[in-house]
Structures are given as structure tokens and as C-alpha cells.
Protein chains: 2
Amino acid sequence: MKKIDIFKKLRSSGLRPTKQRVEIAKFLFERDKTFHFTVESLDKLLAKRTTSKFALATIYNTVHAFKKAGHLSEVEVRGKKTYFDTNITNHHHFYDSETCELIDIDANDVVIQKIPKAPNGKKIKNVEVFINLKN
Amino acid sequence: MKKIDIFKKLRSSGLRPTKQRVEIAKFLFERDKTFHFTVESLDKLLAKRTTSKFALATIYNTVHAFKKAGHLSEVEVRGKKTYFDTNITNHHHFYDSETCELIDIDANDVVIQKIPKAPNGKKIKNVEVFINLKN
DNA sequence: TTTTTACTTTAGAATTATTATAAACTAGGA
DNA sequence: TCCTAGTTTATAATAATTCTAAAGTAAAAA
Ligand SMILES: [Mn+2]
Ligand SMILES: [Mn+2]
Ligand SMILES: [Zn+2]
Ligand SMILES: [Zn+2]
């Protein structure tokens, strides 16, 4: 993903391409593989990999803006911190509670044969499979 | 579940049957259907349904002691609060994000046909299926 | 039964993750 | 260039949870 694409991505989702947003977007999206992060881990990575400084509030704002625009998703993990995911496709996760590490599982690699129908008046939005790992 | 069972349950898990633990245990376990709660909701329910007073720290302590002893499980829900579950069997959940309500799904009502094998060196501890609902 | 001891409860302080505030700054249109 | 709405930032506030240490209690020991 090139610089121009980052600009388009931001523009098309109504986000001004500010210095901070562009830097964070480049860091998050200009890579081959998707990845999972928390605001805290992102903050540390940005400090290590860029020369700019980011207020923590800006990282929160930016991550939430990206999530709202559909460029990031949120993964629920047992624990206090919110995990974000640059993989916005429908997919599942392995979770290693030893290392607090999430590993993606392609939606096609999980086949569910039977599922109960939604309670009355409700519909199923999506199904998430979470596979806890041990050693 | 009778009073004597509550005592046994506590004793057998190395928990002294104190006034607070017995009251909370009776409230949580002396019922026909299992249920889901947060520390906050439990605190309010206890205030409504009992005459005793409980420090919030005691509710946290007691709930964690019950969880550690295997009498409660924890359910991961998108959001800030920790949800606990008096259903300690292996099961799945519907989640209604409108009402923040969890609904149990019996393990037998979900059949998974295909699942990827665990990453090298790891084993699968358990598989949790989470079905998000919409209206 | 009394004494002793370790465990428990409690109020309040501390911590952690996150969100709100409001002043200074900036992108982009007029 | 000037204006304005949107943005960043430091800091304060909030919310959930955990810690602390003093006072209370269950149960073992005497
Ligand atoms: Mn976070
Ligand atoms: Mn809770
Ligand atoms: Zn993922
Ligand atoms: Zn449940």
C-alpha cells in the first residue's frame, strides 16, 4: 500500500490526512501481514519506529477513527486492554493466554455444521470462534 | 441446592464459610437456572435481595475466590466490565449488544465440522463460540 | 471454654485503561 | 492570505479493579 493510498483511505472515510493519522496509518497498513495491537503496544511501537511524538489521546482518537471508518476491527480478549486488528475481514482467532498473543484463523478454516437459531425477534449478526491455546 | 451444600462447596474448595461468602453463594447457586452477572450488577442485586451489607472489595474477593475454586467462570464480552457465569459447563453464548445480555447455548447445540490445528507446540484448550445478535 | 492464629472483611487509597476538556495548532476552502 | 472547522495535546476526570492495613471472625490449639 503506497502513500497515495493512505491519503485516499483517509479522505474516503472523511478523515483529514493529518501528520499523525498518516504516520499511524502508514505504520498500521503499509505492511504485508495484518496484525493485532493494543493502544499501549502501538504507542511503544510508534515511539520505536518513528521520530514523531504522539499524545496517547491522539493514538486513542486515531485508532477509534480508523475503527469507525472500518479500517480496523476490535477483538475481544479476556483482560483489561482493548485489542485492535488490522484484519477487517470476517475471521477467527487462536488465543495464547501465556503470551497474550492472538493468531488469525481464516474464516474458511472453520466450518460450523450446526448452530442454534437466534432468540425471538433477534437475528445473527456474526459468529466468532475463539480457540484458547495451552502448552 | 441446600444450605449444607453451600457449606460443603465452600469447605471443599478451601474457603471458610463466612457470613458474606455464604450469603453470596446462596444468592448465586441456590437457583434453578444459571446466570451471568458483573460485580456491579451482583452488588445491586445483593443490596436488593439481602439485608446484609457487602464492601465492594468483598464482592470482588468472593467472586474471584469462587472462580478460582471453579464455582464460577468468566465470559469475555466486548466492554469494560468483567462478566461472570454460574454456568461452569463448557458452553457457548449469544450476545445482544443492545441490551448487553448474554444467553447460554448448550455445547451440544453447536457442532463444529472443521477447525485448524493448533500452532506448533501448542494444544487446543477449548473452543468458544460467540454469536453476536442484532434486531 | 478460652486463647491463639490465620484468614477475612472493610473503607479508603492506589492503579490502570480509557475518555473528556479546553487551549493551541493546522488543513484546506474562500 | 485568511478563516474556520477539525485536530492534537497535556492534563484532568472517570470507571473498573486491585491494593492496603486495620479491625473483625472462624476454627485450631491449649
Ligand atoms: Mn487499548
Ligand atoms: Mn465486574
Ligand atoms: Zn485477527
Ligand atoms: Zn453462560
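Below, read A as the first sequence line, B as the second, and so on, with proteins coming before strands; counting in each chain starts at 1.
- Between the CD atom of E40(B) and the C1' atom of dT14(D) there is a distance of 13 Å, rounded to whole Å.
- For the pair F29(B)/D5(B), no side-chain contact is recorded, criterion being any heavy-atom separation below 4.5 Å from C-beta on.
- Residue D43(A) contributes atom CG, which lies 11 Å from atom P of dT9(D) at whole-angstrom precision.
- Residues I115(A) and I103(B) share a hydrophobic cluster, clusters being chains of Ile/Leu/Val/Met/Phe/Trp/Tyr side chains in contact below 4.5 Å.
- Linking ILVMFWY residues whenever their side-chain heavy atoms come closer than 4.5 Å, directly or via other members, places F54(A) and L45(A) in the same cluster.
- Residue K80(A) has a polar side-chain atom (N or O) positioned under 4.0 Å from OP1 or OP2 of dT18(D).
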For residues 124-135 of chain B, please give each side-chain donor-acceptor pair under 3.5 Å, one per line with the distance, not counting sequence neighbours.
| residue | atom | partner | partner atom | Å |
| --- | --- | --- | --- | --- |
| E128(B) | OE1 | R78(A) | NH2 | 3.2 |
| E128(B) | OE2 | R78(A) | NH2 | 2.6 |
| N135(B) | OD1 | K122(A) | NZ | 2.8 |

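- Taking the six-membered ring where the residue is Trp, the centroids of F84(B) and F66(B) are separated by 6.0 Å or more.
- Straight-line distance from the NZ atom of K68(B) to the C1' atom of dT18(D): 15 Å, rounded to whole Å.
- Checking the phosphate oxygens (OP1, OP2) of dT19(C), a side-chain nitrogen or oxygen of H64(A) falls inside 4.0 Å.
- Residues D85(B) and D104(B) meet the side-chain proximity criterion, which asks for heavy atoms closer than 4.5 Å.
- At whole-Å resolution of the value, CD in E23(A) and C1' in dT7(D) are 15 Å apart.
- T38(B) has no side-chain polar atom (N or O) that falls below the 4.0 Å cut-off from OP1 or OP2 of dA16(D).
- When rounded to the nearest whole Å, the span between OH of Y83(B) and P of dT17(D) equals 10 Å.
- OP1 or OP2 of dT17(D) lies within a sub-4.0 Å distance of a side-chain N or O belonging to Y60(B).
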- Message: Base contacts versus sugar-phosphate-only contacts with protein, heavy atoms under 4.0 Å: please encode nucleotides 9-14 of chain C as B, S and - from 5' to 3'.
- Response: BBB---
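- For dA17(C), the OP1/OP2 oxygens have a side-chain nitrogen or oxygen of K81(A) closer than 4.0 Å.
- With sequence neighbours left out, the side chain to side chain contact (heavy atoms under 4.5 Å, CB included) criterion links K114(B) to D109(A), V111(A).
- We find that CG of L10(B) is positioned 11 Å from P of dT8(C), with the value rounded to whole Å.
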